[in-house]
Structure formats: C-alpha cells, structure tokens
Amino acid sequence: GAVVSQHPSRVICKSGTSVKIECRSLDFQATTMFWYRQFPKQSLMLMATSNEGSKATYEQGVEKDKFLINHASLTLSTLTVTSAHPEDSSFYICSASTDGATQETQYFGPGTRLLVL
Amino acid sequence: QKEVEQDPGPLSVPEGAIVSLNCTYSNSAFQYFMWYRQYSRKGPELLMYTYSSGNKEDGRFTAQVDKSSKYISLFIRDSQPSDSATYLCAINSNTGNQFYFGTGTSLTVIP
C-alpha cells in the first residue's frame with residue numbers, strides 16, 4: 001500500500017520550454033502533496049506544499065510563477081516548470097500524505113530527473 | 001538551531017557489522033518519527049515509522065526514540081551491501097503538516 005508514482009522519470013528539454021511532472025497516489029487519497037528538489041549529494045529541499053482544491057503554499061525563495069503546482073484531485077498533483085533554464089536541472093521528487101487527522105508520514109515518488117539544455 | 005540535526009557521514013562499515021544512525025531534534029512537541037532510505041537517483045523509501053517514545057523492530061532494523069534526550073536512532077543488524085544508501089530521519093509535529101528532514105547519512109557496506 002501507499003504507492004506514489006511520478007511521470008516522467010526522466011526528461012530532457014531545451015531552454016525556454018515548459019515541462020510538466022505528474023505525481024499520483026495509486027492506492028490512497030492524498031489530501032496533501034509535497035514537491036521537493038534535490039541536487040546531487042544534497043538533502044531534500046521542500047519547494048511547496050499542495051492541498052487538494054486550494055492554492056499551493058510555496059517555500060521562501062521558490063518562484064510560484066515559475067513552478068506552477070496544481071492539485072486538482074485527491075490522487076493527482078502536477079508541477080510545471082515554466083520557461084525552464086539550465087539552472088532548473090535537478091531531481092524533482094513528490095510525496096503524499098495519507099488522508100487523516102494528523103497526516104503523520106509521507107510517501108515518496110521515485111523522482112523525475114530534469115535536464116535542461 | 002535546526003529542527004533536526006543529522007551527521008552526514010559518510011559512514012563505511014564491513015558486511016555483517018551493526019550500524020547506528022542518529023538524529024537529534026530541538027522541539028519536544030514532536031511526536032512522529034520516521035526513517036527513510038534513499039538509493040542513488042531514487043526517491044526516498046519509508047523504512048520505519050514510530051509514534052512517541054520507545055523501540056520498534058522490523059527484521060534487521062530497529063528504530064529507537066528517546067524523547068527525554070530528543071534523540072532518535074536507527075540500528076541495522078547484520079548489515080548487507082544492499083543496505084548501502086543514504087538514510088534520512090524525519091519528524092512531524094502533532095499540530096499540523098510540519099515535516100522536518102535531516103540532511104541524510106550516506107552509508108556504504110563493504111563486502
């Protein structure tokens with residue numbers, strides 16, 4: 001149980017294009033999903049917290065107009081990197097909290113590796 | 001002071017050794033404690049989850065929480081090369097969706 005998928009697993013794009021990453025909870029309803037970014041040999045950096053049906057809450061320093069997050073249903077959240085540049089190249093990981101009063105843990109997706117040329 | 005502190009290592013042990021991974025935290029209100037394992041180029045995988053104090057065992061893994069010292073540990077018995085990964089501790093408060101992650105400890109088990 002508690003499986004989270006991400007698609008695509010890897011994407012290469014040209015500078016200036018937009019890239020959409022999907023995050024799905026496969027066997028549970030996720031009221032809250034999280035988007036992280038991870039650089040090589042570094043820890044997770046939380047970008048934003050997404051609640052179903054409402055606007056995402058972005059961490060300080062994360063541009064909300066560049067990283068568009070949509071959480072339209074209890075099983076799907078999307079992250080769109082708009083007008084991607086080489087410095088956006090990174091490993092993007094989503095996670096989901098199980099639906100519940102305290103949402104005490106997170107289940108992670110396998111990650112999406114983005115390379116912007 | 002960070003909410004969670006974790007020694008990044010790297011830690012290198014021979015196969016069969018007992019591994020001890022540790023984190024300290026700052027807020028005594030934290031109630032939920034997790035350990036994740038992350039292989040290179042993969043998403044973190046939930047290993048152990050504990051609520052409040054005490055020990056929890058799952059196969060070769062034991063998670064320990066000492067709330068009086070604000071110290072959490074993960075022990076790996078009979079370590080295997082397949083245990084080589086980065087281990088992240090994580091903590092959640094009981095007052096909402098506030099998660100805090102350690103920086104991760106890189107472990108290598110040498111055959």
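Atom set for the values below is all heavy atoms of this structure, side chains included, hydrogens, waters and symmetry mates excluded.
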* Measure distances from B/E45 to the heavy atoms of chain A and classify the residue's part below 4.5 Å as side chain, backbone, both or neither. => neither

* side-chain hydrogen bond (donor to acceptor under 3.5 Å, both in side chains) partner of B/S73, chosen from B/T62, B/N55, B/D66, B/N22 -> B/N22

* Report yes or no: do A/V4 and A/L46 belong to one cluster of Ile/Leu/Val/Met/Phe/Trp/Tyr joined by side chain heavy-atom distances under 4.5 Å? => yes

* Do the side-chain N and O atoms of A/H71 and A/S77 include a donor-acceptor pair separated by under 3.5 angstrom? -> no

* **Under 4.5 Å from any heavy atom of chain B - which part of A/Q6** => neither

* B/Q80 (side chain) donor-acceptor with B/D78 (main chain) under 3.5 angstrom -> yes

* Ion pair A/E22/A/K20, N-O distance below 4.0 Å -> no

* To do: Would you mind checking which part of B/Y36 comes under 4.5 Å of any heavy atom in chain A, side chain (CB onward), backbone (N, CA, C, O), both or neither?
  => side chain

* Before accepting this row, confirm whether a basic side-chain N of the pair A/E59/A/K64 lies closer than 4.0 Å to the acidic partner's carboxylate O. => no

* Asked: Can you list the steps and then say if A/F67 with A/Y58 is a ring-ring contact (aromatic ring centres under 6.0 Å, His included)?
  -> CA-CA 9 Å; A/F67 298 99; A/Y58 290 82; 8.1 Å; no

* Asked: Under 4.5 Å, heavy atom to heavy atom, which residues of residues 101-111 of chain B contact chain A?
  -> B/F101, B/G102, B/T103

* With no hydrogens and no angle check, is any side-chain donor or acceptor of B/R77 less than 3.5 Å from a backbone partner on B/G59? -> yes

* Hey, would you say the A/F34 and B/F99 ring centroids sit under 6.0 Å apart? -> yes

* Structure fact -> When B/F30, B/Y25, B/Y32 are each screened for ring-ring contact (aromatic ring centres under 6.0 Å, His included) with B/Y100, the one that passes is B/F30

* Interface residues of residues 82-95 of chain A facing chain B - heavy atom cut-off under 4.5 Å -> A/F91, A/I93

* To do: May I ask you to decide if B/Y49's main-chain N or O and B/K56's side chain share a donor-acceptor pair within less than 3.5 Å?
  => yes

